[in-house]
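Only one structure is covered here, and it is reproduced in the block below.
The analysis underlying the following values was restricted to heavy atoms, covering all of them including side chains, and did not include hydrogens, waters or symmetry mates.
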Amino acid sequence: MSGDHSDAAIARRVRRLETLLEEKGVLSGARLDEIIDASLTGASPANGARVVARAWTDPAYKARLLADGTAAVRELGYMEGSYQRLRVVENTADTHNVVVCTLCSCYPLRLLGPSPSWYKSEAYRSRVVREPRAVLAEFGTQLPDGTDITVWDSSAETRYMVLPRRPEHTDGLGEEELAALVTRNALIGTAAL
């Protein structure tokens, strides 16, 4: 992925935005810190992994999750106070889903934790839409030629999370053990399990 998307470059842009918000009187530095702290409290990919494990073990929950992701994750105590809608898309034998935000880096933070730097990069955001199979291959995700790839574009109003396919030979595992198999990249769709 090309371009200056280093942590230092991103940090400079974030600091400039913070400075502008303070200079314009939109937010004080202390209030901005409160907002950031509140948004990160409890934010972890372990939350999304628990949602997936529940869906894998409870068919009724899975149906609710796919029908109304926001309501279903709230059942487990996630996304309380969040105004975004969550849509969960399921990987199947024939379809693989991947998530991007082409405008910025909208992302279900409370379910996936802080977004990885590559997710915010302009290279990922533009290329995954044009050539998803090639981008997935760069992540080490090789899909059969017949697999359809659907790219979902998150927005300020709607966030997406992938429900990965349950790995084979995991029938005897409980929710905790299943959740441990789920990675953040699988929840975004750049990895398969």
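For residues 42-71, the set of pairs meeting the ring pair (Phe, Tyr, Trp, His ring centres under 6.0 Å) definition, not counting sequence neighbours, is empty. For the salt bridge (Lys or Arg N to Asp or Glu O under 4.0 Å) condition, the pairs that include at least one residue of residues 90-100, sequence neighbours left out, are K62-E90. Applying the ring pair (Phe, Tyr, Trp, His ring centres under 6.0 Å) definition to pairs two or more places apart or across chains, none involves residues 166-187.
The two atoms that bring A134 and R127 nearest to each other are CB-NH2, 4.3 Å, heavy atoms only. Between L187 and P45, the shortest heavy-atom distance links the atoms CD1-O, 3.8 Å.
Residues L193 and R165 fail the side-chain proximity criterion, which asks for heavy atoms closer than 4.5 Å. Side-chain contact check for S28 versus E22: every heavy-atom pair is 4.5 Å or farther apart. The side-chain heavy atoms of Y119 and I188, taken from C-beta on, include a pair separated by under 4.5 Å. With a 4.5 Å cut-off on side-chain heavy atoms, V98 and W152 do not count as touching. In this structure the side chain of V52 never reaches within 4.5 angstrom of the side chain of L181, judged on heavy atoms. Residues V51 and M161 have side chains in contact (heavy-atom distance under 4.5 Å, counting atoms from C-beta outward).
The existence of a salt bridge linking E75 and R64 is confirmed by a sub-4.0 Å separation between a basic side-chain nitrogen and an acidic carboxylate oxygen. Classification of R85 and E157 as a salt-bridged pair fails, no side-chain N sitting under 4.0 Å from a carboxylate O.
Partners of Y78 by ring pair (Phe, Tyr, Trp, His ring centres under 6.0 Å), not counting sequence neighbours: none found. Considering only residues two or more places apart in sequence or on other chains, R184 meets the side chain to side chain donor-acceptor pair (under 3.5 Å) condition with none of them. Judged as a side chain to side chain contact (heavy atoms under 4.5 Å, CB included), and not counting sequence neighbours, the contacts of E23 are R16, T19, L20.
Between the T170 side chain and the P167 main chain, a donor and an acceptor come within less than 3.5 Å of each other. Looking only at distances, no side-chain donor or acceptor of H96 sits under 3.5 Å from a matching main-chain atom of D148. T70 contributes a side-chain N or O that, together with a main-chain N or O of L86, makes up a donor-acceptor pair within less than 3.5 Å.
Note: Y124 and W118 have perpendicular aromatic rings, judged against thresholds of 30 and 60 degrees for the angle between ring planes.
With hydrogens and angles left out, the side-chain atoms of D153 and T102 include a donor and acceptor closer than 3.5 Å.
L112 and L103 fall into different hydrophobic clusters, where Ile, Leu, Val, Met, Phe, Trp and Tyr side chains are chained together by heavy-atom contacts under 4.5 Å. Hydrophobic clustering of Ile, Leu, Val, Met, Phe, Trp and Tyr side chains at less than 4.5 Å, counting indirect connections, unites L76 with V162.
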